[in-house]
Asks: 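Here it is, the structure in full.
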Amino acid sequence: MSIRLGIIGTGRIANRFAADAWQELDVELCAVFNPNRNSAESFCRKHGLPVGTDEWELFTKQVDAAYIASPIASHGEYIRRLLEAGIHILCEKPMVLGEREARDLFALADERGLVLMEGIKTAYCPGFRALLAVLEEGAIGEPRDVEACFTKLAKPGLREWTDREFGGSMTEVGTYGCFAVLKVLGCEQMDIGFSVQRNRQGMDIFTKVFFEHRESGRTGLVKAGLGVKSEGELIVSGTRGYILAQAPWWMTGHFEVRYEDPARREVYDYPFVGNGLQYELGYFLERIRGGSGKKRVQDRESIALAAIMERFLAAERGYRK
């Protein structure tokens, strides 16, 4: 039986999701919720969908699962309300902005027997999964360092620039690079620091995140920018070679394994269809139906990402004071 899917939020990412994430999958996109009814109805007209509403009970009765694409600060409340209503959840990154909240929500999902999944699209695309498999096979020896960069020049007036509390580069695009570091090097025993560049309004335009494992000394560097542009590549450095995924690495379609001998390299190419959201949605549907095996974003990874965001936002609040 087809799964009835609803969308919460009607912004840019929700439009991309409705445009091409679901059409080839066994799912019915049947309802949209936004506290602003006009926005919900306009979104549905644009995408030919049946129900756009600001009535929560009407929305929850229409769906078995929901994709949350609302503003970041609202994610936690929506997740809890959906879990309490018995609805599976795929939530855009960052899922929540606090470690305790993340732990509590995963515990509630387990208690209710529901899927709660963070939508980091990179984790679900074929190319990135292949890159992780190459690492696990030991192609570059022991991974010792990860560098991941994601920057884009955001237009003035967007929410990323106007939301004083939750806007800026780190919350908008920092999850991708931090996830790559944690996926390769692990979540535990990491010392983390931040270096932030701000505009005249005090908004984060470019952030570096530094990772160092307390026991092994392994390191990571993440660059996230909305007002500074750089090369969007991923480099995993190992004891026998390194992996280079060129820009845009977060939509991994091509990567190379390189060695001391510059003439020796292994090239990998994988398809990346559309905007990649269909990969995470397809995996979400598999999990709801009881398949898919090992989680591609582990609960502990989402919890660690929430903890990183919590520490970053606490430091930013201290800066503004």
Side-chain angles (χ1 to χ4, degrees), residues 93 117-151 173-190 209-213 215-224 230-284 286-287 291-302 304-305:
K93 53 75 193 164
M117 191 177 111
E118 186 167 12
I120 306 171
K121 66 183 180 183
T122 307
Y124 309 101
C125 74
F128 189 75
R129 290 167 56 201
L131 186 154
L132 294 177
V134 168
L135 282 172
E136 290 176 6
E137 292 166 1
I140 64 168
E142 180 190 359
R144 298 294 306 178
D145 182 74
V146 179
E147 298 179 42
C149 178
F150 187 148
T151 64
V173 298
T175 297
Y176 291 102
C178 291
F179 171 73
V181 171
L182 298 178
K183 197 68 175 175
V184 176
L185 302 182
C187 300
E188 289 76 31
Q189 301 189 59
M190 280 290 185
V209 189
F210 303 92
F211 296 80
E212 183 173 0
H213 192 270
E215 288 190 359
S216 69
R218 292 178 298 178
T219 53
L221 172 64
V222 170
K223 299 177 185 178
S230 189
E231 181 66 27
E233 62 187 12
L234 170 71
I235 302 174
V236 183
S237 303
T239 54
R240 297 211 312 259
Y242 68 97
I243 292 177
L244 171 64
Q246 295 176 325
W249 72 265
W250 55 93
M251 300 168 64
T252 315
H254 173 93
F255 66 91
E256 298 182 7
V257 181
R258 298 181 177 181
Y259 298 95
E260 180 69 16
D261 179 357
R264 182 189 171 200
R265 64 178 61 187
E266 298 157 9
V267 177
Y268 297 82
D269 287 293
Y270 289 85
F272 191 94
V273 178
N275 53 45
L277 297 172
Q278 56 272 68
Y279 296 123
E280 65 185 50
L281 176 58
Y283 179 77
F284 177 55
E286 285 182 38
R287 285 196 55 199
S292 76
K294 183 180 178 181
K295 295 179 181 178
R296 293 177 190 164
V297 179
Q298 299 291 313
D299 294 357
R300 66 177 181 274
E301 292 164 350
S302 286
L305 289 167

Asks: Any Lys/Arg nitrogen of Glu301 or Lys183 sitting under 4.0 Å from an Asp/Glu carboxylate oxygen of the other?
Replies: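 Yes, charged N to carboxylate O under 4.0 Å.
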Asks: Between Thr239 and Glu142 (side chain of the first, backbone of the second, donor and acceptor by atom type, cut-off under 3.5 Å), is there such a pair?
Replies: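 At least one qualifying donor-acceptor pair exists.
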Asks: Using every non-hydrogen atom in the two residues, find where Val257 and Ala139 come nearest and quote the distance to one decimal.
Replies: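 So the two residues come closest at CG1-CB, 4.4 Å.
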Asks: Side chain to side chain contact (heavy atoms under 4.5 Å, CB included) for Leu281 and Tyr283? Distances and angles first, verdict last.
Replies: CA-CA 5 Å; Leu281 176 58; Tyr283 179 77; over 6 Å; no
Asks: Which pair of non-hydrogen atoms, one from Leu185 and one from Thr219, has the smallest distance, and what is that distance?
Replies: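 Here Leu185 and Thr219 meet closest at CD1-O, 3.2 Å.
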Asks: Please check if any side-chain donor atom of Glu118 sits under 3.5 Å from a side-chain acceptor atom of Ser302, or the reverse.
Replies: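 There is such a pair (donor and acceptor under 3.5 Å, judged by atom type) between the side chains of Glu118 and Ser302.
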Asks: Could you tell me whether the side chain of Arg300 and the main chain of Glu188 form a donor-acceptor pair under 3.5 Å?
Replies: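 The answer is no, because no donor-acceptor pair under 3.5 Å joins these two groups.
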Asks: Do you know the tightest heavy-atom contact between Gly174 and Val222?
Replies: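 So the two residues come closest at O-CG1, 4.2 Å.
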Asks: Which heavy atom in Leu131 sits nearest to a heavy atom in Ala245, and how many Å separate them?
Replies: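 Leu131 and Ala245 have their closest heavy atoms at CD1-CB, 4.2 Å.
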Asks: Shortest non-hydrogen contact from Ala304 to Leu182?
Replies: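 That closest heavy-atom pairing would be CB-CD1, 3.8 Å.
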Asks: Can you tell if the side chain of Met117 reaches within under 4.5 Å of the side chain of Arg296, non-hydrogen atoms only?
Replies: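 When only atoms from C-beta onward are counted, Arg296 and Met117 do not touch, as no gap falls below 4.5 Å.
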Asks: Working to the nearest 0.5 angstrom, can you tell me the gap between Met190 CE and Cys178 SG?
Replies: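 Reported value, rounded in 0.5 Å steps: 10.5 Å.
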Asks: Taking the side chain as everything from C-beta on, heavy atoms only, tell me whether Val134 gets closer than 4.5 Å to Phe255.
Replies: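 Yes. Closest side-chain heavy atoms under 4.5 Å.
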Asks: Identify the heavy atoms of Ala224 and Thr151 that sit nearest to each other, and give their distance.
Replies: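 Minimum heavy-atom separation between Ala224 and Thr151: C-CG2, 4.4 Å.
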Asks: Measure the CG-OG1 distance between Leu305 and Thr175 for me, rounded to the nearest 0.5 Å.
Replies: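 It is 6.0 Å, given to the nearest 0.5 Å.
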Asks: Quick check: does any side chain N or O of Lys121 sit under 3.5 Å from a backbone N or O of Asn275, one acting as donor and the other as acceptor?
Replies: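 Checked: pair present.
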Asks: Under the 3.5 angstrom rule, does the side chain of Thr122 hit a backbone N or O of Trp250 as a donor-acceptor pair?
Replies: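 Yes, Thr122 side chain to Trp250 backbone: donor-acceptor pair under 3.5 Å.
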Asks: Which residue pairs satisfy the salt bridge (charged side-chain N to carboxylate O under 4.0 Å, His left out) criterion with at least one member in residues 259-281, sequence neighbours excluded?
Replies: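 Every pair satisfying salt bridge (charged side-chain N to carboxylate O under 4.0 Å, His left out) with a residue in residues 259-281: Glu256-Arg265.
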Asks: Give, for atom CZ of Phe150 and atom CE of Met251, the distance between the pair rounded to the nearest 0.5 Å.
Replies: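 One finds 8.5 Å between CZ of Phe150 and CE of Met251.
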Asks: Measure the spacing between CG of Leu244 and NE2 of His254 and express it to the nearest 0.5 Å.
Replies: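 Going from CG on Leu244 over to NE2 on His254, the span is 7.5 Å.
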Asks: Going by heavy atoms in the side chains, are Phe210 and Leu221 under 4.5 Å from each other?
Replies: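 Side-chain contact under 4.5 Å: yes.
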Asks: Keeping the roles fixed (side chain from Gln278, backbone from Val273), state whether a donor-acceptor pair exists under 3.5 Å.
Replies: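 Present.
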Asks: If you round to the nearest 0.5 Å, how far is CD1 of Ile235 from CD of Glu147?
Replies: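 If I round to the nearest 0.5 Å, the distance is 5.0 Å.
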Asks: Please check this pair: side chain of Trp249 against backbone of Cys149, looking for a donor-acceptor N/O pair closer than 3.5 Å.
Replies: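 Between the backbone of Cys149 and the side chain of Trp249 there is a qualifying donor-acceptor contact (under 3.5 Å).
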Asks: Counting N and O atoms only, with roles assigned by atom type, does the side chain of Arg144 sit under 3.5 Å from a partner on the main chain of Ser216, one being a donor and the other an acceptor?
Replies: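 Yes: the side chain of Arg144 pairs with the backbone of Ser216.
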Asks: Please examine the side chains of Ile120 and Tyr176, heavy atoms only from C-beta on, and report whether any two atoms are closer than 4.5 Å.
Replies: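 In short, these two side chains touch, coming nearer than 4.5 Å.
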Asks: Just one of Phe272, Tyr124, Tyr270 clears the ring-ring contact (aromatic ring centres under 6.0 Å, His included) bar with Tyr279, so which one?
Replies: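 Of the listed options, the one satisfying the test is Phe272.
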Asks: To the closest 0.5 Å, what do you measure between CZ (Phe128) and CG (Leu234)?
Replies: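 Separation between the atoms: 6.5 Å.
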